[in-house]
Amino acid sequence: MHTLTRDDIEQAARHLYQFMPATAQYAWPLLAERLGCTVWVKHENHTPTGAFKARGGLTFVHWLKREHPEAKGIVTATRGNHGQSLALAASALGLKALIVVPQGNSVEKNNAMRGFGGEVVEYGRDFDEAREEALRLAHAQGLYLVPPFHPELVKGVATYGLELFQAVPDLDTVYVPIGCGSGICAVIAARDALGLETRVVGVVSTEADAAKSSFETGRLCETPSANTFADGLAVRKPIPEALAIYGAAAARIVAVSDAEIAEAMRVYYTDTHNLAEGAGAAALAALMQEREAMQGKKVAVILTGGNIDRPMYARLIG
């Protein structure tokens, strides 16, 4: 993947802002009081799909229309936010979107994908099996297979990094959750394009910590399962191209438990009245775990999304 320049990211932003505005970043006083450091929250829960992936989807489909005008539609596998972003983007740009989700996937995320114009197919026990079915359907129906990680997805997502770093250029550390890796790679790309020194810390679930093991051992590790309610983190093996980037450029990777994530969701609600899904609260959970080391520093956490089913949210927040 070629190194993104500031111009690349600004160009992606100009296109993106035809469909959505920039999101806010706020330094919430009650989080600062609670954690003893300045805490900037980047509100990717406020995009049109309620998650950061809207940016990558719009940028990717714009590229696809330009580079592959013959494509009549796209197919992808997702647990939800990636699928919503591609359904929104495909509909906006006149393409069919077929979205494969694992069986028992979030009902509300499935409904949202349909609401944005996607056709949803349930297949397989987990994300990795859904991904294999998406590959089969791409061949069978002549659709363009959208991977979970791609340079155009990273470029689109890097626009939130650009917004954050332009607003707060002197951050000590940014915490970013890792699923397939577009988020952390995008933050690294934006930081490097602006020539900043900010440390980028990845966050995984203790129940799906393959990215952390891979980062620490220097070889691709896989976990047998990924049983976390934070579905955006529920990935059993890292994407090699993404690992190559964050493996070299992240400061460290922190693992947080489901209990820590649930606590961070409650803190988001009480201190900012924002709703965070599991993966969306993971960055704050990591900061809470590392609060001693962050005393007096200026820190940002990415609230990557707020798409969680109501019954689950009610159970975790109570």
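- A perpendicular orientation is assigned to the rings of His150 and Phe60, their planes being inclined by more than 60° (bins at 30° and 60°).
- Nearest heavy atom pair, residue Phe52 against residue Ser182, reads CE1-OG, 3.7 Å.
- When all heavy atoms of Ala276 and Ile308 are compared, the closest pair comes out as O-CG2, 4.3 Å.
- Nearest approach of Cys180 to Ala242, heavy atoms of both residues: O-CB, 3.5 Å.
- Looking at Thr228, its side chain never comes within 3.5 Å of a backbone N or O of Glu207 through a donor-acceptor pair.
- Under a hydrophobic-cluster definition in which Ile, Leu, Val, Met, Phe, Trp and Tyr are linked whenever side-chain heavy atoms come within less than 4.5 Å, directly or via other members, Ile178 and Leu284 are assigned to different clusters.
- Sorted by first and then second residue, the salt bridge (Lys or Arg N to Asp or Glu O under 4.0 Å) pairs with a member in residues 24-47 read Arg34-Asp271, Lys42-Glu163, Glu44-Arg55; sequence neighbours excluded.
- The pair Asp170-Lys298 meets the salt-bridge criterion, since a charged nitrogen lies less than 4.0 angstrom from a carboxylate oxygen.
- Contact detail for Val154 and Ala186: the closest heavy-atom pair is O-CB, 3.6 Å.
- In the hydrophobic cluster analysis, where Ile, Leu, Val, Met, Phe, Trp and Tyr join through side-chain heavy atoms closer than 4.5 angstrom, Val256 is grouped together with Leu31.
- Linking ILVMFWY residues whenever their side-chain heavy atoms come closer than 4.5 Å, directly or via other members, leaves Ile302 and Met288 in distinct clusters.
- Glu67 CD: more than 12 foreign heavy atoms inside a 6.0 Å radius.
- Considering only heavy atoms from C-beta on, Ser85 stays 4.5 Å or farther from Leu88 through its side chain.
- Cluster partners of Val75, using a side-chain heavy-atom cutoff of under 4.5 Å among ILVMFWY residues and allowing indirect links, are Leu98, Val100, Val121, Tyr123, Leu135, Leu137, Leu143, Leu145.
- Of the possible donor and acceptor atoms, one in the side chain of Asp309 sits under 3.5 Å from a partner among the backbone N and O of Val107.
- A salt bridge between Lys297 and Glu290 is absent, with no side-chain N of the basic residue lying under 4.0 Å from a carboxylate O of the acidic one.
- Within 6.0 Å of the CZ atom in Arg219, the count of heavy atoms belonging to other residues, nucleotides or ligands does not exceed 12.
- Side chain of Asn274 to main chain of Thr272: a donor-acceptor pair is present (N/O by atom type, distance under 3.5 Å, no hydrogens or angles).
- Residues satisfying the ring pair (Phe, Tyr, Trp, His ring centres under 6.0 Å) criterion with Phe19, sequence neighbours excluded, are His15.
- Side-chain contact between Lys53 and Val157 is absent, with no heavy-atom pair separated by less than 4.5 Å.
- Side-chain contact between Asp231 and Lys109 is present, with heavy atoms from C-beta onward closer than 4.5 Å.
- Judged as a ring pair (Phe, Tyr, Trp, His ring centres under 6.0 Å), and not counting sequence neighbours, the contacts of His43 are Tyr26, Trp28, His46.
- Looking only at side-chain heavy atoms (C-beta outward), Ile245 and Phe149 come within less than 4.5 Å of each other.
- Under the 4.5 Å side-chain criterion, counting only non-hydrogen atoms from C-beta, Val187 is in contact with Tyr160.
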Please assess Asp209 against Thr206 for the test side chain to side chain donor-acceptor pair (under 3.5 Å), listing each intermediate value before the final yes or no. CA-CA 5 Å; Asp209 64 353; Thr206 52; over 6 Å; no
Passes salt bridge (charged side-chain N to carboxylate O under 4.0 Å, His left out), Arg79 versus Glu277? Steps please. CA-CA 12 Å; Arg79 293 291 301 264; Glu277 63 184 87; over 6 Å; no
Pair Phe165, Leu171 - check side chain to side chain contact (heavy atoms under 4.5 Å, CB included), show working. CA-CA 8 Å; Phe165 289 130; Leu171 288 165; 4.1 Å; yes
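- Put simply, the side chain of Ile261 reaches to within 4.5 Å of the side chain of Leu233, judged on heavy atoms.
- More than 12 non-hydrogen atoms from other residues, nucleotides or ligands lie less than 6.0 angstrom from CZ of Arg236.
- The cluster map of Ile, Leu, Val, Met, Phe, Trp and Tyr, joined by side-chain heavy atoms under 4.5 Å apart, puts Val254 and Val235 in different clusters.
- Among residues at least two apart or in separate chains, there is no ring-ring contact (aromatic ring centres under 6.0 Å, His included) pair with a member in residues 207-246.
- Within the structure, ring-ring contact (aromatic ring centres under 6.0 Å, His included) pairs that include any residue of residues 263-292 comprise Tyr269-His273 (at least two apart or interchain).
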For the pair Val203 and Gln289, evaluate side chain to side chain contact (heavy atoms under 4.5 Å, CB included) and give the outcome as yes or no after the intermediate values. CA-CA 11 Å; Val203 186; Gln289 189 188 105; over 6 Å; no
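- Arg125 CZ: 12 or fewer foreign heavy atoms inside a 6.0 Å radius.
- In the hydrophobic cluster analysis, where Ile, Leu, Val, Met, Phe, Trp and Tyr join through side-chain heavy atoms closer than 4.5 angstrom, Val174 is grouped apart from Val301.
- What you find for Asp8 and Lys155 is that their closest heavy atoms are O-CD, 3.8 Å.
- A donor-acceptor distance shorter than 3.5 angstrom exists from the side chain of Asn307 to the backbone of Thr49, with no hydrogens or angles considered.
- Between Met294 and Val39, the closest side-chain pair of non-hydrogen atoms is not below 4.5 Å.
- Using a 4.5 Å heavy-atom threshold, the side chains of Leu194 and Pro169 count as separate.
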